[in-house]
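Reviewing the structure listed below.
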Number of protein chains: 2
Amino acid sequence: MPARKKAAPAKATRDREATEQRFIEAAARVIARDGAAGLGVNAIAAEAGADKKLIYRYFGGLDGLLEAMGANTAVWIGDALSASKGDYGQRMGAVFAAYAGNLRGDPVLQKLLAWELAGPSDTLRRIDAARSKAMYAVMPKLRGDEKPPEGVDAPAVNAILLAALHYLTLRGATMGGFSGLSLKTEADWKRAMAAFDGLLARTYETD
Amino acid sequence: MPARKKAAPAKATRDREATEQRFIEAAARVIARDGAAGLGVNAIAAEAGADKKLIYRYFGGLDGLLEAMGANTAVWIGDALSASKGDYGQRMGAVFAAYAGNLRGDPVLQKLLAWELAGPSDTLRRIDAARSKAMYAVMPKLRGDEKPPEGVDAPAVNAILLAALHYLTLRGATMGGFSGLSLKTEADWKRAMAAFDGLLARTYETD
DNA sequence: GCCGTATGTCACCAACTAGTGACAAATGGA
DNA sequence: TCCATTTGTCACTAGTTGGTGACATACGGC
């Protein structure tokens, strides 16, 4: 065998767009599997089967890659938009239920939410920005024309209920339950959401 | 100057108990400051001003040290035990309010709770064990003889409300708010807790 | 065909990590 | 006083990290 220095490199497809996509999907897989900890160029490059150098060349670094990944996460809401009817409480109940189901099936979003609670991070804040913007834009449409009953601080109440939803979802995924409430099976979640609906209905009921 | 190889070591007090305590307090400071990320023997030893070798000698490693730190965290509950009176809902309201205040002032506990959501960890589970045990033991005493109204799944409702409290506290500490609800100032929290009390009262009110 | 450029690969660096062996020095008992 | 044990210090290994420079190779325009 003559003077070829290296044996046989250049197996890859030599397609920038495809490679970028591989990195983005690899980043999502790493986050879904390991969470924010252990998230780095080495792990992502290994997962993608490509060289980390390309992360710097194509995305400018880890931050750029994560931002691109966040931009690809677009859907995840608005499903329950058409089916919502009834008074304010019923509509919000439908929204919360749909959102809870989506969140429970999206490990990447779960890890992102958990990461937010670990501490402030510029990277994370940029990833989150697009999502939050979409969320706030959709909210008025979800509400429709219905108004919450007087004497109820609806924004605060909704934030509290959404917070509970987030926390219970994360605890269910990591510890399988919280404060004596099991959150493993579908039946567990049915019970939890029933209590949730009761809470919501009693607060927003129109006397 | 004769053949003394090293200049002048041995400044420390040569007191094992005091050194162990220094490590435990240093670990708590590091967690409060940096959270679970960046938590390691090097950082803790530097914070304590002692050698990391002693962590292995005295605690058997990082896990042992963190466990000892968790064991020292004992108080933080039961303050609102005597003052609670009224029906079930009112008693629970007092408990939640006291708990929220304690949690908001305890950055170490906050980081521990956030860490739990990042993923399962044997270390963490052991740290948490003692705390949870104390919590569950106190609960019946907090309730007193009052019983929740029929038709309400009180354990589930309480778990939901406690989940919301945890999540809002963590979001307030890291991002300063959640879902449009600001959680920075005392006034912000007063508003949040007012909505919280409303939620609780409407659910546990005896018709 | 030829050649510049884009794409991919590898080797290396400095800095950090967890963990350990060897040693100095203070303490306390005999 | 002597000596064993404990307490503390330091140096070192091996591995991982983020990041970069140098290089090989394929592609596309001319």
Side-chain angles (χ1 to χ4, degrees), chain A residues 1-27 30-31 33-69 121-124, chain B residues 1-27 30-31 33-69 121-124:
Chain A
M1 228 188 271
R4 199 110 45 97
K5 266 186 173 179
K6 305 300 155 92
K11 60 180 166 132
T13 44
R14 221 171 182 76
D15 179 340
R16 172 167 180 163
E17 278 192 34
T19 302
E20 289 184 355
Q21 200 57 33
R22 290 230 312 276
F23 275 121
I24 288 176
E25 289 165 8
V30 169
I31 288 183
R33 182 179 359 106
D34 305 330
L39 178 67
V41 287
N42 290 312
I44 294 176
E47 174 76 26
D51 198 283
K52 61 178 171 179
K53 175 89 190 219
L54 302 179
I55 294 178
Y56 295 97
R57 197 178 282 166
Y58 294 157
F59 300 97
L62 183 57
D63 282 17
L65 171 54
L66 294 179
E67 211 164 337
M69 188 203 70
S121 150
D122 295 350
T123 302
L124 196 44
Chain B
M1 229 189 270
R4 213 96 51 102
K5 267 183 172 180
K6 307 298 157 90
K11 59 179 166 129
T13 42
R14 219 171 184 78
D15 178 340
R16 174 168 178 162
E17 277 191 34
T19 302
E20 289 184 356
Q21 199 58 32
R22 289 230 311 276
F23 276 120
I24 289 175
E25 290 165 7
V30 170
I31 287 183
R33 184 184 351 111
D34 304 329
L39 178 66
V41 287
N42 289 314
I44 294 176
E47 175 75 27
D51 196 283
K52 62 177 169 180
K53 175 88 188 222
L54 302 180
I55 294 178
Y56 296 97
R57 196 179 283 167
Y58 294 157
F59 299 96
L62 183 57
D63 283 16
L65 171 54
L66 295 179
E67 212 165 336
M69 187 202 71
S121 152
D122 294 350
T123 302
L124 195 45

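The chains referred to below are lettered A, B, ... by the order of the sequence lines, with proteins before strands, and numbering in each begins at 1.
Taking atom CZ of residue A/Arg16 and atom P of nucleotide C/dT5, one finds them 16 Å apart after rounding to whole Å. For B/Asp15 and D/dT6, the CG to P distance is 15 Å, given to the nearest whole Å. Rounded to whole Å, the distance from CG on A/Asp51 to P on D/dA22 is 16 Å. Following rounding to the nearest Å, B/Arg22 (CZ) and D/dT7 (P) show an atom-to-atom distance of 14 Å. In this structure, A/Leu54 atom CG and D/dG18 atom C1' are separated by 15 Å, rounded to whole Å.
For A/Thr19, no side-chain nitrogen or oxygen approaches OP1 or OP2 of C/dT7 to under 4.0 Å. Proximity of B/Arg14 to the phosphate of C/dT27: no side-chain N or O atom is located under 4.0 Å from OP1 or OP2.
Residues B/Ala50 and B/Arg22 come closest through the heavy atom pair CB-NH2, 3.9 Å. Contact between B/Leu54 and B/Phe23 at its shortest, heavy atoms only, is CB-CE1, 3.7 Å. In this structure, A/Arg16 and A/Arg57 approach most closely via the heavy-atom pair NH2-O, 4.4 Å.
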Where do N or O atoms of nucleotides 1-4 of chain C meet protein N or O atoms at under 3.5 Å, pair by pair?
none

Can you pull every protein N or O that's under 3.5 Å from an N or O on nucleotides 15-17 of chain C?
none

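Rounding to the nearest 0.5 Å gives a distance of 10.0 Å between OG1 of B/Thr19 and CD of B/Glu17. Atom CZ of B/Phe59 sits about 10.0 Å away from atom CG of B/Leu66, to the nearest 0.5 Å. Atoms CD1 and CD, from A/Ile24 and A/Glu67 in turn, are 11.5 Å apart once rounded to the nearest 0.5 Å.
Side-chain atoms of A/Lys53 stay outside donor-acceptor range of the base of D/dG18, with no qualifying N/O pair under 3.5 Å. A donor-acceptor contact under 3.5 angstrom links the side-chain atoms of B/Lys52 to the base of C/dG19.
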Without placing hydrogens or testing angles, list every side-chain donor-acceptor pair under 3.5 Å for residues 35-45 of chain B, not counting sequence neighbours.
from	atom 1	to	atom 2	distance (Å)
B/Asn42	OD1	B/Lys52	NZ	3.1

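For B/Asp34, there are no side-chain hydrogen bond (donor to acceptor under 3.5 Å, both in side chains) partners, not counting sequence neighbours. With sequence neighbours excluded, the residues satisfying side-chain hydrogen bond (donor to acceptor under 3.5 Å, both in side chains) with B/Arg33 are B/Glu47.
Residues B/Leu62 and B/Thr123 have side chains not in contact (no heavy-atom distance under 4.5 Å, counting atoms from C-beta outward).
Residues from residues 55-64 of chain A placing a heavy atom under 4.0 Å of any atom in DNA chain C, listed by number, are A/Arg57, A/Tyr58.
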